[in-house]
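Each chain gets a letter, A, B and so on, in the order its sequence line appears, and its residues count up from 1.
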Protein chains: 2
Amino acid sequence: MTATGRQSEDIPAHAFAADLIAVLVAVTAGRPRVMTIDHGAALPSGPFAHDERSLQSGLRTWVERQTGHRLGYVEQLYTFADRDRATNGVRVISISYLALTRENREEAGKSGWLDWYSYFPWEDHRSGAPRHLPDIVARLRAWTKAATVPAQRHDRLRRVAISFGLDGRPWNEELILQRYELLYEAALVAEASRGRRGADAPLVSGQSMAFDHRRILATGIARLRAKIKYRPVVFELMPPSFTLLELQHAVEALAGRLVHKQNFRRLIEQQELVEETGAMAAATGGRPAKLFRFRREVVDERAVIGTKLPLTRA
Amino acid sequence: MTATGRQSEDIPAHAFAADLIAVLVAVTAGRPRVMTIDHGAALPSGPFAHDERSLQSGLRTWVERQTGHRLGYVEQLYTFADRDRATNGVRVISISYLALTRENREEAGKSGWLDWYSYFPWEDHRSGAPRHLPDIVARLRAWTKAATVPAQRHDRLRRVAISFGLDGRPWNEELILQRYELLYEAALVAEASRGRRGADAPLVSGQSMAFDHRRILATGIARLRAKIKYRPVVFELMPPSFTLLELQHAVEALAGRLVHKQNFRRLIEQQELVEETGAMAAATGGRPAKLFRFRREVVDERAVIGTKLPLTRA
DNA sequence: TGATATATACTCACATTGAGTATAATATCA
DNA sequence: TGATATTATACTCAATGTGAGTATATATCA
């Protein structure tokens, strides 16, 4: 990946290549999954064709052809054109997208759908704070102490404390990108020491990805975690009918946190986001649950699913 | 596939040009201003140079050179590559940005700084609903009736009602883009009939712009109106010291709505976003006001300026 | 039968928010 | 000089929203 950036005489100054990168998300059996290629080493990406009508349609046709999934929701994430994004001297502009699709139980096992927490194990707080989180924090603390100037040290300490919810601060699941960036700066993830040498600090657990794809994934997760709080996008990930507990589990999978069951139902019902199908779920243990469907009519009415999700404290 | 290596030697197949477009905002004397070129006919834009480090740095250097302003805050808006964005057969990718800068009283009059409400007169509700708003709504209603199928007619009616706060619905200042798009679809803005002929419905007041620049401006305003509610970005538009009323006026200029003065102050103070400078403002009428400065340290702490702004009802 | 698991209804304390009243401190002008 | 306008700032209050918990209903399974 040597980016010479040298523009030869024959390449016009405005020659760029355009790439689309997708963070394609589904929730299967209560687990948040992301579509990957190359055995989980990269996000699916491909060139933006010259004959496509628009970026969005380019992404749609390409992803739908490749995965056989209809995309429910598509949203632009970010556009990069950093100098190291170049191949054969042609500089690449990468436009990343977040796309949501319905789960597909037949495909659940195979293909490239991976639990996104295998890339960010420290982000799953559904069973309390992960066991290795104290160790991560300890190593970040060590890194803050290695700062050269006191001001820098102070700044690092503050960022770590905010991002990881230290000193009585609450854990904020939306800060996933900030946490990843701290780990990157502290060279605790494999991507950070790529290309360099000697930097062999023991790494934090969690699978890495090629290029900056793990960073893009973090961006997508952050956007989604923020969005479910004020837009009814969870439903794009649900099957046509579902129980309220299944819906809750989907939200919890995305947020990486547990929500208060009774208050969650209150929220959903008072927003009139769903309606009963009349049928009941095949019993899965206790009292049978009603099946609901999403009231799609309500999408543009309800800008908000609720200012906040009813999270549980502990 | 980026991950698996690009094998094409033929550069022309993916030759794109890259353009940066800026929605550069300032607030001068309580008026929201946007930087324009060509006597207000377009947003400033320029090619992304091959030798720039990144998109963001490209935008910064270019805007700062062109306007002499230091950019306080920069945020990516959206990337377009629609087929009609082509020059000499070279397809153009446009990356739009929102950028905030401090007011500059010397420049207030000259240069291309224009009140953004000259492009969206119906968006300024600081002195109540604009006089011509009923007329706009009436013309949109007429357009809904012109729908061919009943379902379409119903859909249009609903969108108009939501976007313009009809039937008891509240006015939502963040829906500026949706409102503009409705006016575009109804061919009530000049841009809509460009290139076509015969479509000479009487237009709604408000200056138009070249290309889709007015749409990009609406996107930027929408983003900013949403952002001031949960991030302390207003301060990027303020001088180093200011009174609370000046701060309030800036917020009102952006939101296009009045806020409740006492509650606004309560919000600002309880969030500890500002501190007294010790000095007082040169009296401008009544009791002299304390001067405040923004506590920049607090930026990453306070993710939120308050879940909502304390708007006034009437 | 009772242990267990889920569904669902309701209560309650507390914080937040929208709105308004009251009072203080200055400038302006008749 | 004193009335009036204008802005600043401190409080109060009702309504609503939010976090948390209790209670009860309806299943399965040992």
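Defined by atom type and a distance below 3.5 Å, a donor-acceptor pair is missing between the side-chain atoms of B:E246 and B:H249.
As a whole-Å value, the separation of A:L244 CG from C:dT8 P is 6 Å. In this structure, A:L291 places its CG atom 10 Å from P of C:dT8, rounding to the nearest Å. What separates CZ of A:F264 from P of D:dG19 is a distance of 13 Å, to the nearest Å. Taking atom CG on A:L267 and atom C1' on D:dG19, their separation rounds to 12 Å, with Å as the unit. Distance A:K261 NZ to C:dC10 P: 17 Å, rounded to the nearest Å. Atom NE2 of A:H260 and atom P of C:dT11 are 16 Å apart (whole Å). For the pair B:N263 CG and D:dA14 C1', the interatomic distance rounds to 13 Å; values are reported in whole Å. For the pair A:R265 CZ and C:dA9 C1', the computed distance is 11 Å after rounding to whole Å.
The pair A:E276-A:K290 meets the salt-bridge criterion, since a charged nitrogen lies less than 4.0 angstrom from a carboxylate oxygen. Taking 4.0 Å as the cut-off between side-chain N and carboxylate O, A:E174 and A:K229 count as a salt-bridged pair. Using a cut-off of 4.0 Å between Lys/Arg side-chain N and Asp/Glu carboxylate O, B:R225 and B:E173 are scored as not salt-bridged.
Remark on DNA chain D: of its neighbouring residues B:K290 and A:R266, the 5'-side contact belongs to B:K290, judged by nearest-heavy-atom nucleotide.
In this structure a side-chain-to-backbone donor-acceptor pair under 3.5 Å is present from A:R102 to A:F235. Judged purely by atom type and a 3.5 angstrom limit, A:E236 has no side-chain atom pairing as donor or acceptor with the backbone of A:V233.
Set against C:dT8, D:dT9, C:dA25, the side chain of B:P288 has C:dA25 as its closest nucleotide. Picking from C:dA7, D:dA8, C:dG20 the nucleotide with the shortest atom distance to the side chain of B:L245 gives D:dA8.
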Could you list the protein-to-nucleotides 22-25 of chain D atom pairs, N/O on both sides, closer than 3.5 Å?
from: D:dT22; atom 1: O4; to: A:Q262; atom 2: NE2; distance (Å): 2.6
from: D:dA25; atom 1: N3; to: A:R287; atom 2: NH1; distance (Å): 3.1

Go through it in stages, so that I can follow the logic: the residues are B:E297 and A:R158, the test is salt bridge (charged side-chain N to carboxylate O under 4.0 Å, His left out), and I'd like the CA-CA distance, side-chain angles, deciding distance and then a yes or no. CA-CA 10 Å; B:E297 326 88 78; A:R158 198 176 41 80; over 6 Å; no

